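What follows is one structure encoded as structure tokens, with my remarks underneath.
Because the structure is predicted, anything quoted here is derived from the model rather than measured.
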Amino acid sequence: MTTMKKILLFLPLLILSACSGGGDKGLDIHSEDDLAGLTLSTTAGSYYQAKFEQRGDVKMFLTNSESDAVQAVRQGLADVYVSDEVMLTAADQQRLGMRQAFRGDECFDVAFVIKKGNNELARQMNAFIASLPLDSITEHWIHGGPAVAEPPYVIKPGAKPLRCVCCVNLSPVCFMGDGSEWQGIDADVLRRFAHSQGRPFEMNFQEVSAGVIAIQTGLADVLSGFLFVTDERKKSMDFTMPYYRCHPGYFVADKSSSGAMSQIERWKMNLLTENRWRLITDGLVETIIITIFSILLGTALGAGVCACRRSKRKWLRKFADVYSDFINGIPTLVLLLIMFYVVLASSGLSATVVAIITFALCLASSTGNIFDSAISSVPIGQTEAGLSLGFTPLKTFTGIVFPQALQKGLPLYIGECVSLLKSTSIVGYISIADLTRASDLIRSRTFDALIPLLIVTILYFLLAWLLSKTLSLLVTKKQ
């Protein structure tokens, strides 16, 4: 990278630091009193948001993930990143050009969240946590101490897995290592507990809000992520006994750090380290599966909607109108959450199947209208001519009307299919590891936004281009 590019890249940070008056190591702050007039970045819905929003002399920069909050400081959008002190290890601070300015005086109990009223699970987990060598486990993950061997276990045949959700993907709390294996303090404790009960262990990564919904609806058993035990949270959820005590950490940019990486090292870190390329390939497959089956099912349902619109029965036409208005009036994300957490919550269907059904319902509404408009655009004289020549109504439609309607409706239909492909980027909200979620997982581990997002952007573009060309070729061959 040339000197000019480096200057342009770090110009916002340099300007911010100059305005803040820091020294060679950036902002010189030692307590919360020194935060006056600064901008703090933290995750939305966290304890730190609730705490500092009450101060009129501090500005908040809220993000959806810890990695984005860190990037806000690195890019000069915020002055200080505040989170649990363990969220940025010494190695990460060196690599990212940041440092811990000071540690907060507060000390919070950290515990796992379970559904309110699930006393049996709480009793089992509390007894197990009390028996663990917690000091050795945390020492291993935080300071690199010796690993604690897991006792022998036997998974009971037919045992239900312990379904866990973690709202962070960071070392040493809980992170996906080697492309598929969850590691860290939370994963270590929960895996041991599941195995002690003879149950398989499952872990998914979700935002806190989605994780809370999963707990409350019974779609997950345990929510983790170094969650503080507060009186407000106790009103809507139960906590296990604490397994760690954590202080807040306040991190700032360190201009004296020499942790810059070469481009080759950045690509290796994002793709090769911990086999993170597998997240991309697995996410690509998941996205393709959801897209293809949603298009197939949605097209079939769309034909049904079209048939209802053209029916002689008034109630069928009314049903088609109400269905289209209902689907068009609800954001796809909201519909997906309703289908997963409410309508099909007790169906036992996988998240992938629920996503396919949801996107198919959305596609059916738009394609039904497209099919109806395309057929209506064919002059009625074409149908009358076919019937006058002795063709049956079905033969007239398939041989005369349909080919003409297809030519007029195809561009719009392809556009809707491509839009469906892009809409699948929201399935991470129901714990599906698609392309977008793969990017989130990588970014939350590497704190590098450019490379994961660049890869995913290129892949989405290629998928959209291939989908458009494939649909056009298939229709051309059929003609």
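The residues Lys318 and Asp321 are annotated as not salt-bridged, no charged nitrogen and carboxylate oxygen being separated by less than 4.0 angstrom. With respect to Arg437 and Glu207, a salt bridge is recorded, a charged nitrogen being found less than 4.0 Å from a carboxylate O. Taking a cutoff of 4.0 Å between a charged side-chain nitrogen and a carboxylate oxygen, Asp448 and Arg443 do not qualify as a salt bridge. Checked for salt-bridge contact, Asp372 and Arg310 meet the test: a charged N lies under 4.0 Å from a carboxylate O. Salt-bridge formation is not detected for the pair Arg95/Glu265: no Lys NZ or Arg NE/NH1/NH2 atom is positioned less than 4.0 Å from an Asp or Glu carboxylate oxygen.
Dense packing is recorded around CG of Leu272, with more than 12 heavy atoms of other residues, nucleotides or ligands lying under 6.0 Å away. No more than 12 heavy atoms of other residues, nucleotides or ligands shown are found within 6.0 angstrom of OH on Tyr429. Residue Trp465 places its CH2 atom among 12 or fewer non-hydrogen atoms of other residues, nucleotides or ligands, all under 6.0 Å distant. At most 12 non-hydrogen atoms from other residues, nucleotides or ligands lie less than 6.0 angstrom from NZ of Lys59. Taking a 6.0 Å sphere around CZ of Phe293, one finds it holds 12 or fewer heavy atoms contributed by other residues, nucleotides or ligands.
The side-chain heavy atoms of Val113 and Met237, taken from C-beta on, include a pair separated by under 4.5 Å. Residues Leu335 and Thr332 fail the side-chain proximity criterion, which asks for heavy atoms closer than 4.5 Å. Counting heavy atoms from C-beta outward, Ser224 and Met203 have side chains that approach closer than 4.5 Å. Looking at heavy atoms from C-beta onward, Thr42 lies in side-chain contact with Leu62 at the 4.5 angstrom threshold. At least one side-chain heavy atom of Tyr413 sits less than 4.5 Å from a side-chain heavy atom of Ile295. When side chains are defined from C-beta on, Ile215 does not count as touching Val165, because their heavy atoms never get closer than 4.5 Å. Side-chain contact check for Met87 versus Asp84: some heavy-atom pair is nearer than 4.5 Å. Residues Tyr460 and Leu435 meet the side-chain proximity criterion, which asks for heavy atoms closer than 4.5 Å.
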Residues Glu66, Ser83; criterion side chain to side chain donor-acceptor pair (under 3.5 Å); working and verdict: CA-CA 8 Å; Glu66 300 288 345; Ser83 186; 3.2 Å; yes

Steps toward side chain to side chain contact (heavy atoms under 4.5 Å, CB included) verdict (Trp182, Asn169): CA-CA 9 Å; Trp182 284 96; Asn169 180 39; 3.5 Å; yes

Side chain to side chain contact (heavy atoms under 4.5 Å, CB included) between Cys164 and Arg191, worked out: CA-CA 9 Å; Cys164 305; Arg191 182 183 293 106; over 6 Å; no

Test side chain to side chain contact (heavy atoms under 4.5 Å, CB included) applied to Ile185 and Ile142, step by step: CA-CA 8 Å; Ile185 298 173; Ile142 295 177; 3.9 Å; yes

Criterion side chain to side chain contact (heavy atoms under 4.5 Å, CB included) on Phe359 and Thr291, from CA distance to verdict: CA-CA 8 Å; Phe359 289 118; Thr291 300; over 6 Å; no

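Within the 3.5 Å criterion, the main-chain N or O of Phe112 finds a donor-acceptor partner in the side chain of Thr240. In this structure, Arg163 contributes its side chain and Gly218 its backbone to a donor-acceptor pair below 3.5 Å.
A distance of 10.0 Å separates CD1 in Ile430 from CG in Leu219, rounded to the nearest 0.5 Å. Separating the NE2 atom in His140 from the CG atom in Asp188 is a distance of 7.0 Å, to the nearest 0.5 Å. The CG atom of Leu453 sits 4.0 Å away from the OG atom of Ser439 when rounded to the nearest 0.5 Å. A distance of 13.5 Å separates CE in Met269 from CD1 in Ile264, rounded to the nearest 0.5 Å. Residue Phe175 holds its CZ atom at 14.0 Å from CZ of Phe205, rounded to the nearest 0.5 Å. Atom CD1 of Ile455 and atom CD1 of Ile442 lie 6.5 Å apart (nearest 0.5 Å).
Residue Glu53 comes nearest to Met60 through the heavy atom pair CG-CG, 3.8 Å, listed as atom of the first residue, atom of the second, then distance. Minimum interatomic distance between Thr424 and Asp434 (heavy atoms only, all atoms of both residues): O-OD2, 3.2 Å. Nearest heavy atoms, Pro200 versus Ala194: O-CB, 3.8 Å. Closest of all the heavy-atom pairs between Asn118 and Asp238 is N-OD2, 4.3 Å. Across Leu363 and Ser366, no two heavy atoms sit closer than the pair O-OG, 3.1 Å. In terms of heavy atoms, Leu162 sits closest to Arg199 at CA-NH2, 3.7 Å.
Using modelled atom types, one finds no donor on one side chain facing an acceptor on the other under 3.5 Å when comparing Thr367 with Glu416. At a cut-off of 3.5 Å, with distance as the only test, a side-chain donor of Thr352 or Glu286 sits close to an acceptor on the other residue. If you check the side chains of Arg445 and Asn270, you find no donor sitting under 3.5 Å from an acceptor. Judged by distance alone, the side chains of Thr43 and Gln49 never bring a donor and an acceptor atom under 3.5 Å apart. In summary, the side chains of Ser65 and Asp68 do present a donor paired with an acceptor at a separation below 3.5 Å, with no hydrogens or angles considered.
Classified by interplanar angle (parallel below 30°, tilted 30° to 60°, perpendicular above 60°), the ring pair His195/Tyr153 is parallel.
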